[in-house]
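Structure first, commentary second.
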Amino acid sequence: MRPTAVGRLAVAAAVLLAVLPAAPAVAAPPDSPASPASAVDLDALFVGAHPDDEAFSLSTLGQWNEEHGVRTGVVTVTRGEGGGNAVGPEEGPALGLLREAEERTAVGKAGVREVFNLDDVDFYYTVSAPLTDQVWGGGTLEKVVRIVRTTRPEILLTMDPAPTPGNHGNHQLAARLAVEAFYAAADPEAFPEQISREGLRPFAPARLLTGGGRGTSRNGPECASTFRPDNPAQNVYGVWSGRASAAQGATWAAVERDAQRTYASQGWAGFPDVPADPAQLGCDFFTQVDARVPFPEPGTDAAAAPMAILDGALTRAKGAVPLGTLFALRTGTFDVRPGTAFTVEVTATAPPRTPLGRSSVALRVPDGWRVSGSGDLGRLGPGRSGEATFTVTPPEGGAGERARLAAALTTDRGRGYTDRQVELSPAVRGEQQPLPQVAQFRTWVAEVGVPQLRGLVTPVLTLPSGGSRQVGVVVTNLSQATRSGTVRLDLPDGFTADRAEAAFDDLAAGRSATVPFTVTNADPSLKTSNEGGDYSYTITTSTGEDGSTTSRPALELVPAATVPQAGSAPAVDGAEGDGEYSGAALDVSRRWEGDACSSAADCSGTAKVAWRDDTLYLLVHVKDDVLGTRLPASDCKRHWRTDSVEVTLDPRGASENTSTTFKAAVLPVTTEGPPCFLRDADHHQGPGEEAAPGMRVASAVSEGEYTVEMSIPMEVLPAAVDPEHLGLNVLVYDSDTQDKTGQTRIGWSTWGGVQGDPYRWGVATLPGYEPPADRPTTPADPVIPDTALSSLDSPQSLEQAVRVHVPPAGGPAARPSQSGAAVSAKRGEGAVKVRLRAGAGGEAHLFVRDGQGTAGSRVVTVPRKGTSTVTVTLDRALGAGPKVVAGWEATGGGTAVSQVAVR
């Protein structure tokens with residue numbers, strides 16, 4: 001069923017009634033900007049971090065638009081200035097302008113017209129959400145909330161918020177911002193100045209989903225109905241990409257692939273065709289985080305339909321309650337105890353202008369659970385709510401499992417469904433200590449109140465092959481009384497611990513304690529890295545009163561090496577001299593991302609490492625039968641675009657992210673011939689000579705192979721080296737094309753996304769080395785790029801702001817008394833004269849545009865109130881339909897946009 005404007009407004013109004021039962025009407029202040037009611041009204045909004053983050057959801061967005069008239073917008077927090085560029089020399093803001101244009105073209109193929117850039121910095125690839133938050137600052141959530149309140153989308157879509165291995169930290173934080181905005185946009189106490197000064201109203205989106213689904217499915221038309229989630233209490237919806245677009249004459253998967261190829265700067269222009277047989281095409285999957293409206297019941301035909309995510313929010317399924325009905329289930333706690341009763345509240349609210357009549361709700365629980373309470377809601381008139389309270393008691397046993405509690409609504413006007421997850425928690429829980437980023441994610445989950453997102457990351461810790469480390473078991477008392485007991489580790493073959501079992505005593509209710517063990521890899525022949533280095537084991541936590549429970553974390557083996565002292569300093573000449581490197585060769589042939597090497601001749605390698613005095617020496621020999629693009633030395637950056645060798649060093653072996661590490665890459669050959677080197681995504685990025693003074697590189701390139709040698713003064717590392725635990729990795733990037741794209745990545749310690757994960761690098765010891773006594777062991781503050789393109793300098797962003805009446809960059813509109821605008825434009829000889837009218841001082845960003853793009857631009861400061869004329873020099877002759885688009889930044893804050901035709 002095609003959604004109507006009436007239906008969308010009904011949902012919005014009903015949601016506002018639910019979240020603002022006592023809120024008075026909020027009138028715009030007398031001198032506020034034009035009414036926000038003139039802004040574009042969206043149905044769905046995708047929140048991502050970079051251009052192209054939405055690219056694997058375009059099949060779904062296109063279907064929704066073509067078949068149901070769904071209008072979707074995309075929030076892009078950054079313009080991707082930190083990414084590579086396979087099509088030209090642009091970087092920084094210029095690259096951001098290019099990538100914005102690519103995104104607008106790409107999403108347009110799926111019927112998406114609105115892209116809201118927030119102007120935050122894209123600094124480099126990191127897997128750290130905390131570092132991303134530090135760089136972006138605290139104002140990004142406010143911008144996302146402002147866009148949600150302004151554009152009023154019923155459905156919010158976003159990315160994976162969890163620190164799953166390899167998940168970009170920017171992606172994590174963008175998703176967390178979307179989750180927070182789902183709740184904050186509805187809360188009148190969140191960013192209240194948006195309401196009191198800007199004339200916005202709180203708005204509560206109806207449904208919130210993240211992209212992807214953890215589970216298994218079959219390709220073909222049944223991909224949605226055959227999906228089996230890893231967590232059976234999750235609601236995962238699939239939209240088949242094999243459906244054909246009537247307008248475009250191709251499957252939506254093919255349309256999406258055509259859109260993805262638009263991202264040529266990211267090397268996507270060469271993406272292969274999707275299968276022509278629709279039966280080989282799968283689904284776009286989305287996992288529901290929360291909903292304020294009824295939604296299709298899992299396992300039904302409606303839940304497997306392409307519009308399942310729209311149902312209840314934008315479309316009304318046959319027999320369902322009217323659009324605008326709110327339906328929610330709340331539990332007194334997420335962690336429920338076996339055998340212990342808890343409370344469940346179910347609330348239904350009729351649409352503002354539509355009665356539901358006689359209404360009741362039935363609570364559905366797993367087999368063996370007991371329920372008491374009445375589900376009678378009475379007669380629900382327009383805008384009226386009814387609530388039912390139940391007491392639920394789980395059976396004994398089953399601790400650690402997720403369960404679904406569901407409510408079925410029956411009314412005179414139709415039916416509805418909703419559900420909520422709970423977790424059966426033991427009296428005492430024992431878990432392997434989390435990694436820092438996982439601990440931070442758990443804290444965020446608790447603070448925001450989304451416990452259903454807990455447990456998305458399997459607890460892992462790394463230890464070096466043949467080495468030892470302390471493993472802490474965090475014991476938490478979830479009961480109401482003090483508990484004592486034991487913790488036991490059952491390790492796989494090849495691992496030992498200093499003790500098999502340890503006690504904890506008198507742990508108070510609600511408190512946690514850490515029980516330490518020292519674990520050793522006693523069999524260094526075991527596989528490491530992604531070739532099989534992931535070893536699960538069992539933690540058993542027992543108390544006399546409550547029995548025992550288990551958890552299954554994992555230990556990950558990373559390779560280890562001893563770096564010997566060289567008898568004399570090796571000559572950095574691209575060749576191995578006699579006796580220069582006496583240590584064992586490291587195998588750097590293991591693939592961690594990209595296509596598999598077709599043979600050892602295609603891509604393989606070894607590395608040798610030595611130290612002398614205060615310098616580290618590395619010699620890397622690579623087999624490579626086809627060299628990638630030879631870049632000029634002036635373009636010695638973004639090393640993954642061609643053949644290169646990257647060396648990563650974590651001086652203390654304890655970095656949470658790469659901002660406290662050293663990462664240097666060497667291109668073995670350039671257009672000019674000699675190698676070049678750079679630092680990237682670390683404590684101080686930039687050209688090697690500037691960012692790593694004293695470092696030397698050399699290379700030797702011959703048919704089918706090359707050798708890179710380098711010396712790294714350890715004084716350029718962010719901190720003094722711990723000779724017992726230096727984090728080390730050697731990574732090789734292989735390109736067999738001339739289009740500035742790489743195909744394969746191999747290395748020593750190999751895991752997906754390992755270039756950003758210091759804890760998964762290998763471990764090196766340097767016997768006999770002692771760093772200078774005065775060298776700091778704590779790194780100084782990192783140098784991180786902080787320049788992003790402003791939307792005021794993007795004519796495409798300004799043109800959109802004029803069209804949809806939404807201020808650029810997620811910021812507030814300037815007050816009329818401080819605003820400025822272009823009021824006329826007149827063509828002259830090689831220039832356009834633009835007449836500006838300003839209510840106060842500010843800065844005008846002017847662009848003369850025609851069908852070919854920008855013909856001239858100028859930024860000018862306007863010192864005071866009044867009218868002035870500005871001349872914009874043209875770079876070329878004007879084509880048909882010229883216009884001036886103007887952005888205004890008020891001295892007192894806020895922006896304005898305007899557009900006039902050139903006469």
Side-chain angles (χ1 to χ4, degrees), residues 162-165 334-335 337-338 397-402 423-443 445-446 451 454-464 467-523 526 533-558 653-654 656 725 759-760 763:
T164 46
F334 178 77
D335 292 296
R337 291 286 316 286
E401 298 176 359
R402 290 282 176 95
E423 184 169 311
L424 284 163
S425 298
V428 177
R429 181 167 55 211
E431 299 178 299
Q432 180 179 274
Q433 68 188 73
L435 293 163
Q437 60 265 43
V438 177
Q440 190 271 346
F441 176 66
R442 291 180 178 178
T443 299
V445 162
R454 196 176 72 195
L456 295 179
V457 183
T458 300
V460 298
L461 291 173
T462 57
L463 75 161
S468 302
R469 70 161 298 154
Q470 186 177 95
V471 174
V473 177
V474 180
V475 180
T476 303
N477 184 357
L478 300 169
S479 74
Q480 301 300 311
T482 298
R483 289 287 192 268
S484 298
T486 59
V487 174
R488 188 180 77 248
L489 303 189
D490 291 304
L491 297 167
D493 292 342
F495 294 85
T496 62
D498 59 337
R499 49 185 178 169
E501 187 173 282
F504 60 91
D505 298 310
D506 300 325
L507 185 61
R511 301 302 296 271
S512 296
T514 300
V515 180
F517 295 83
T518 298
V519 176
T520 300
N521 169 225
D523 182 1
L526 291 178
D534 200 314
Y535 298 89
S536 298
Y537 70 102
T538 302
I539 296 174
T540 303
T541 306
S542 304
T543 64
E545 305 97 315
D546 311 292
S548 62
T549 59
T550 62
S551 62
R552 290 281 290 172
L555 297 169
E556 294 182 336
L557 278 184
V558 298
E656 190 273 335
H725 204 275
Y759 81 96
R760 283 180 157 169
V763 176

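Predicted, not measured: the structure shown is a model, and the values here were computed from it. For the single chain, residues carry numbers from 1 onward in sequence order.
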With a 4.5 Å heavy-atom cut-off, do V428 and F504 have their side chains touching?
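Side-chain contact under 4.5 Å: yes.
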Any side-chain heavy-atom pair of P459 and E431 under 4.5 Å
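P459 does not reach E431 side chain to side chain.
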Would you please indicate if the ring centroids of Y535 and F495 are separated by under 6.0 Å?
yes
Do E556 and Y759 meet the criterion of a side-chain donor-acceptor pair at a distance under 3.5 Å?
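Looking only at side-chain atoms, Y759 and E556 do not form any donor-acceptor pair under 3.5 Å.
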Do R552 and T538 pair up side chain to side chain, a donor and an acceptor below 3.5 Å, judged on atom types alone?
yes
Looking at T462, is its backbone amide N or carbonyl O close enough to the side chain of R469 to form a donor-acceptor pair, meaning the two atoms are under 3.5 Å apart?
yes
Quick one: does any side-chain atom of N521 pair with a main-chain N or O of G494 as donor and acceptor, under 3.5 Å?
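Answer holds: yes.
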Atom OG1 of T164 and atom CD of Q437: how far apart are they, to the nearest 0.5 Å?
10.5 Å
Picking from L489, L491, I539, what satisfies side chain to side chain contact (heavy atoms under 4.5 Å, CB included) with F517?
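So the option named by the test is L489.
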Indicate the atoms forming the closest heavy-atom contact of V558 with V763, along with that distance.
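Shortest heavy-atom separation between V558 and V763 comes out as CG2-CG2, 4.2 Å.
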Give a yes or no on this: more than 12 heavy atoms of other residues, nucleotides or ligands lie within 6.0 Å of atom [atom1] of [X].
| X | atom1 | result |
| --- | --- | --- |
| D493 | CG | no |
| R511 | CZ | no |
| Q480 | CD | no |

